[in-house]
Amino acid sequence: EREYDVARLQRKWQAVWEEAKPFAVDPADKRPRKYILDMFPYPSGDLHMGHAEGYALGDVIARYWRQQGFNVLHPIGWDSFGLPAENAAIKRGVDPREWTYANIEQQKQSMKLYAPSFDWDRVLHTSDPEYYKWNQWLFLAMYEKGLAYRKDSWVNWDPVDQTVLANEQVLADGTSERSGAVVVKKKLTQWYFKITDYADRLLDDLNQLEGRWPTKVLNMQRNWIGRSIGADVHFTIEGRDEKVTVFTTRPDTLYGATFMVVAPDSDLAAELVAEATDDVRERFAEYLTQVQKATEIERQSSDRPKTGVPLGRVAVNPLTGDPMPVWAADYVLADYGHGAVMAVPAHDQRDLDFARAYDLPVRVVVDTNAAVTGVIPKLELDEDGQAILPDDLPELNPLATGVALTGEGRLMNSGPLTGLSKSNAIKRVIELLEASGDGKAAKTYRLRDWLISRQRFWGTPIPIVHGADGAEVPVPLDQLPVLLPPTEGLDLKPKGSSPLGAAADWVNVPDPRDGSPARRDADTMDTFVDSSWYFLRFLSPNDADKAFDPAVVNRWAPVDQYVGGVEHAILHLLYARFITKVLFDLGHLDFTEPFSALLNQGMVLQDGAKMSKSKGNLVTLSEEIEKHGVDAIRLTMAFAGPPEDDIDWADVSAAGSAKFLARAFRLSGEVSSSPDVVWADGDQALRRVTHRFLAEAPGLTEAFKFNVVVARLMELVNAIRKVVDSGAGAGDPAVREAVETVALGLSLFAPYTASEMWEKLGYEGVSVATHGWRKADSTLLVETSVTAVVQVNGKVRDRLEVSPKISSDELEALARASAAVQRSIGDKEIVNVIVRAPRLVNIAVK
Ligand code: ANZ
C-alpha cells in the first residue's frame with residue numbers, strides 16, 4: 001500500500017483535470033444553473049494566503065452546488081490593468097505588458113495547483129484588447145446617453161503616483177489608498193461617469209439584498225451614497241440679481257438662520273467676493289490659499305477651530321426679512337449640496353462654534369426645554385477675539401454653554417411655525433417656501449460622480465478624439481479598440497499628464513468627422529471600469545462582436561453567489577451595481593442587481609496582525625503548500641471558523657489537517673467489499689452516523705458553516721475507524737458506504753484526496769467532483785437514544801442514555817436512582833426538581 005503522497009496526487013490529478021476539463025460548462029446542459037463567482041485577482045505577484053482563503057471558500061460553494069445537481073458556472077480571470085502592475089513595471093524598467101502577462105502565467109500555474117473548480121476555457125484578462133475594446137464600447141454607450149462627460153474640477157491628486165484618485169480611494173486620514181501619500185487638490189479637466197443620476201436606485205435597491213449581503217456592507221453602501229432629505233432655500237443677495245441656494249435638512253429652523261456661509265473654494269465665493277472691497281478680497285485670497293492645504297477630512301473634523309472670512313455681502317432671510325452677513329468658511333464644502341449653508345447657530349454645532357468665534361448673532365427657534373432665551377443680542381469681543389457674554393444670559397443657552405440645542409422641541413420665535421413640532425414645521429415651511437418661490441423640498445447625496453480619467457499608461461484608452469475646434473468626437477465603433485501604443489520610447493514615469501500624450505504617432509489622428517488634424521484623448525480609464533462588468537463577459541468570453549450576449553447573460557446572471565474580500569465593500573460593488581443598472585436601462589440586461597448574494601471572507605492574519613513583508617510575518621502560500629499540500633491548506637481554510645472571521649494562521653494547524661486527510665485516505669485503501677455490496681446489510685450504528693452526515697451537510701454548507709461540516713467529517717472518519725478496527729471490519733458494507741460518503745464530503749474541500757479515494761473505491765476518480773450527493777435514508781435518522789444530563793444545584797453529576805420519548809416522571813425517577821446523584825445529594829433536603837425530558841434534570845438541594 002502506497003503512502004499518502006501529496007505531491008504525487010497533485011501531479012497526477014492536475015494532469016487528469018487538464019485533460020478531462022470536468023468543470024467546463026456545457027451551454028446546452030438543461031439542468032438548473034448556478035453562477036458562483038470569486039472576485040478576480042490582480043496579477044501583482046504570486047497568489048498569497050488571502051487568495052488561498054477566498055478561492056478555497058468560493059470553491060466549496062461551487063462544488064457543493066455541482067454536487068446538488070446544478071450546472072455550475074465558476075469562472076476566473078485577471079484584473080490586469082492598473083497601477084500595481086504599472087509601478088512595478090516602471091521600477092524594473094520592463095514593459096508593463098510583459099510584466100503583467102508573466103505574472104498572470106505564474107498565478108495561473110499556482111491557481112491550477114490550488115485546484116478551484118474553474119472553467120479554464122473562459123479565462124479573461126482585462127488588459128487584452130479583446131476585453132478592453134468593450135470598455136470603450138461601454139464608455140461610448142454612456143457618452144451617448146450623457147452618462148459620460150468631461151468637466152473642470154478640483155480633483156484629489158496623489159503627488160507620489162502623480163494621478164487623480166476617486167474620493168473612494170482617499171482614506172479617512174486624507175492619504176492615498178495606493179501610495180500612502182497625503183492627497184492634495186488640483187484643478188483638472190476630467191472624465192466622469194454620472195453615477196449620481198442613479199443615487200436613489202443604488203440606495204433603494206439595497207433593500208432587495210437585505211439578508212443576502214452582509215449587513216455591514218449594505219450599511220457602508222448606504223452611508224457612502226448618503227442621502228439627506230430636506231429643502232433647498234433661495235436667498236436674495238443684496239446688490240445681486242441671482243439668488244443663492246442652500247441645502248438644509250432643517251428648514252424648520254429658517255427663522256433662526258442669522259448668517260450665511262459659503263465654501264471658500266466654490267465658484268460662488270469667488271463671484272460674491274469679486275464685488276467686495278480690496279481689503280476683503282485680499283483677506284479672502286489669503287484664506288483660500290490656507291484652505292487648499294487642508295484635507296477634506298480635516299475640514300469636516302468637529303474639533304478643529306472654525307476659521308473664515310467675511311465676503312462683504314448681505315443675504316436676506318426670506319421669512320424674517322432680516323439681513324444675514326455672508327461669510328466664507330472651510331467647514332462648508334464646495335461639492336456638497338450647493339456649497340453654501342444657512343447658518344443656524346442656536347441649533348447646529350458647527351454654526352455655533354463659528355458664531356462664537358466671529359461674534360455673529362444667535363437666535364433660538366426650537367424650545368428644547370433647555371433654554372428659552374429668544375433672540376440673543378450681538379456680542380462684544382475681547383482682545384483675544386472671544387465673545388464677552390452678558391451677565392444676564394440664561395444659564396443653559398447655547399452661547400453661554402457653547403453647546404447647540406440639537407434636541408427635539410416645539411418651534412418658537414418663528415412666526416407661523418411657532419408651536420409646531422419639528423416634522424410639522426418642516427412640512428409647513430416647505431409649503432410657505434414653495435408658495436413664495438423661495439424654495440422647495442429637496443434631497444442631496446454624499447455620493448459624487450465617478451471620476452474615471454487616469455493619467456497613466458496601463459489602462460483602457462478613452463475612445464474620444466479632440467477636434468481642432470475643441471469638439472469631443474467619439475471614435476466610431478468600427479474603429480474600436482483604440483489600442484494602447486507600444487511602450488518603446490515612452491516615459492511611463494508619472495508626471496501629471498498621461499504618458500500617452502507623448503506617443504506622437506498614436507495621439508495625432510485624423511478627425512473622424514472630416515480627416516482634419518486632431519488629437520486622441522490621452523487619459524486611460526480607472527480600472528474599476530474594467531471590473532464593473534467582467535462578470536457578464538464570462539458568459540461569452542470570446543465573442544468578437546459584442547461585449548456580452550444578452551440572451552446568455554440573462555439566462556445565467558445575476559451571479560448567485562459572489563465571494564471576495566470586504567475591502568471591496570464600497571467601490572467595486574457600487575460601480576458594478578451602477579453599470580448593471582445602466583446596461584439594464586440601455587436594454588441589454590433584464591436584471592438590475594449584479595450579485596444576488598455576497599460572502600465576504602475574513603483576512604488571514606499571523607499572530608493577530610495582518611501579514612506583510614515589512615512586519616516579517618509573511619507566510620507564503622507556496623511554502624505552505626510545499627509543507628502540507630494543497631488539500632491540507634484548503635481544508636484548514638474551511639475548518640478555521642466562520643468564513644467571515646479572520647483566520648490567525650498561528651492558531652490553526654495545517655499539519656493537523658494533513659494528518660486527518662491521511663487518516664481518511666487510508667480508509668479508502670482498506671475497504672474490502674465490492675462497489676455493488678448491499679449497504680443495508682451493514683453495521684447499523686455506523687450507517688446512522690453516515691446518514692446523519694448526509695442529512696446535515698447540505699444545510700450546514702448552505703449556511704456557510706463549512707467548519708462544522710469538516711468537524712462532522714472528522715467524526716465520521718473516527719466512527720469508521722472504530723468499526724474497521726474492532727467491529728465487523730473493513731469488509732462491512734456500512735464501511736464502504738461511509739468511506740464513499742467521506743470521499744463525497746471531502747470533494748468540497750480536498751479535491752486531490754477525494755479523487756484518489758474515489759478511484760481506490762473502484763470508480764473513475766475524476767467523477768467524484770461531478771457525482772451527485774446522496775440522499776439520507778430517513779429511517780436511519782431517528783435517534784434511538786439521547787443523553788440526558790442530571791445536575792445537582794447546577795453541577796453536572798451524571799449522564800444517562802435514555803429513549804428520546806421518555807416521560808418526565810420516568811426521567812426524574814432514573815435521575816433520583818443514579819448512584820452518583822445520590823452521593824452528591826447525601827443527607828441534604830431536595831427543595832425543587834426541574835425536568836426537561838429527554839435532555840435535562842436539575843435537582844436543587846439545601
Ligand atoms: C441649517 C441647519 C440647521 C442644518 C440645523 C443642520 C442643523 P447632512 O445631514 O450631512 O446632509 N450643509 C449643507 N451643505 C453643506 C456643505 N456644502 N458643507 C457643509 N455643511 C453643509 O447635513 C446637511 C446639513 O449640513 C444642512 O442642514 C446644512 O446645515 C449643512 F439645526 O442647514 B443645515
Side-chain angles (χ1 to χ4, degrees), residues 153-154 167 196 199 203 222-235 244-269 291 294-302 304 306-308 315 317-320 324 326-355 360-368 370-371 398 403-414 417 421-423 425-426 429-430 433 438-448:
S153 64
W154 290 104
N167 280 343
T196 53
L203 190 67
R222 288 188 179 112
N223 289 335
W224 191 262
I225 298 164
R227 180 164 64 198
S228 287
I229 296 178
D232 280 349
V233 185
H234 314 306
F235 287 83
V244 167
T245 302
V246 306
F247 172 75
T248 176
T249 46
R250 294 291 306 275
D252 55 314
T253 63
L254 185 48
Y255 273 78
T258 51
F259 57 99
M260 178 183 278
V261 187
V262 178
D265 48 345
S266 62
D267 294 343
L268 179 61
V291 166
T295 66
E296 190 151 325
I297 306 296
E298 279 167 359
R299 288 177 59 170
Q300 286 181 43
S301 136
S302 58
R304 189 161 155 269
K306 298 279 173 297
T307 58
N317 186 316
L319 291 191
T320 63
M324 301 160 59
V326 181
W327 285 66
D330 71 354
Y331 74 95
V332 175
L333 306 174
D335 64 353
Y336 187 68
H338 302 287
V341 307
M342 62 179 225
V344 184
H347 305 292
D348 182 277
Q349 190 61 47
R350 295 162 303 175
D351 297 341
L352 179 63
D353 294 344
F354 194 75
L360 291 158
V362 178
R363 177 182 167 111
V364 176
V365 294
V366 182
D367 177 2
T368 58
V403 179
L405 305 172
T406 54
E408 294 264 336
R410 302 221 164 251
L411 274 285
M412 56 185 282
N413 289 328
S414 293
L417 308 178
S421 66
K422 172 174 161 183
S423 60
I426 289 177
V429 75
I430 288 174
L433 291 170
D438 289 319
K440 60 177 192 335
K443 289 183 279 191
T444 199
Y445 305 86
R446 210 157 293 283
L447 184 68
R448 300 273 79 94

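Remember, it's 1-based here, ligands and their atoms both numbered in the order they're listed.
For ligand 1, the 4.0 Å heavy-atom shell takes in S228, F247, T248, T249, R250, T253, Y331, V332, L333, Y336, G339, V341, M342, V344, H347, D348, R350, R446, ordered by chain and residue number.
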Which is it for D330 and R304 under the salt bridge (charged side-chain N to carboxylate O under 4.0 Å, His left out) test, yes or no, and what are the steps along the way? CA-CA 11 Å; D330 71 354; R304 189 161 155 269; 2.9 Å; yes

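Side-chain polar atoms of N317 and Y255 form no donor-acceptor pair below 3.5 angstrom. With no hydrogens or angles considered, no side-chain donor-acceptor pair links T245 and H338 at under 3.5 Å.
Residues satisfying the ring pair (Phe, Tyr, Trp, His ring centres under 6.0 Å) criterion with W327, sequence neighbours excluded, are F354, Y358. Qualifying ring pair (Phe, Tyr, Trp, His ring centres under 6.0 Å) partners for Y336, counting only residues two or more places apart in sequence or in other chains: none. Applying the side chain to side chain donor-acceptor pair (under 3.5 Å) criterion to T249, with sequence neighbours excluded, gives no partner residue.
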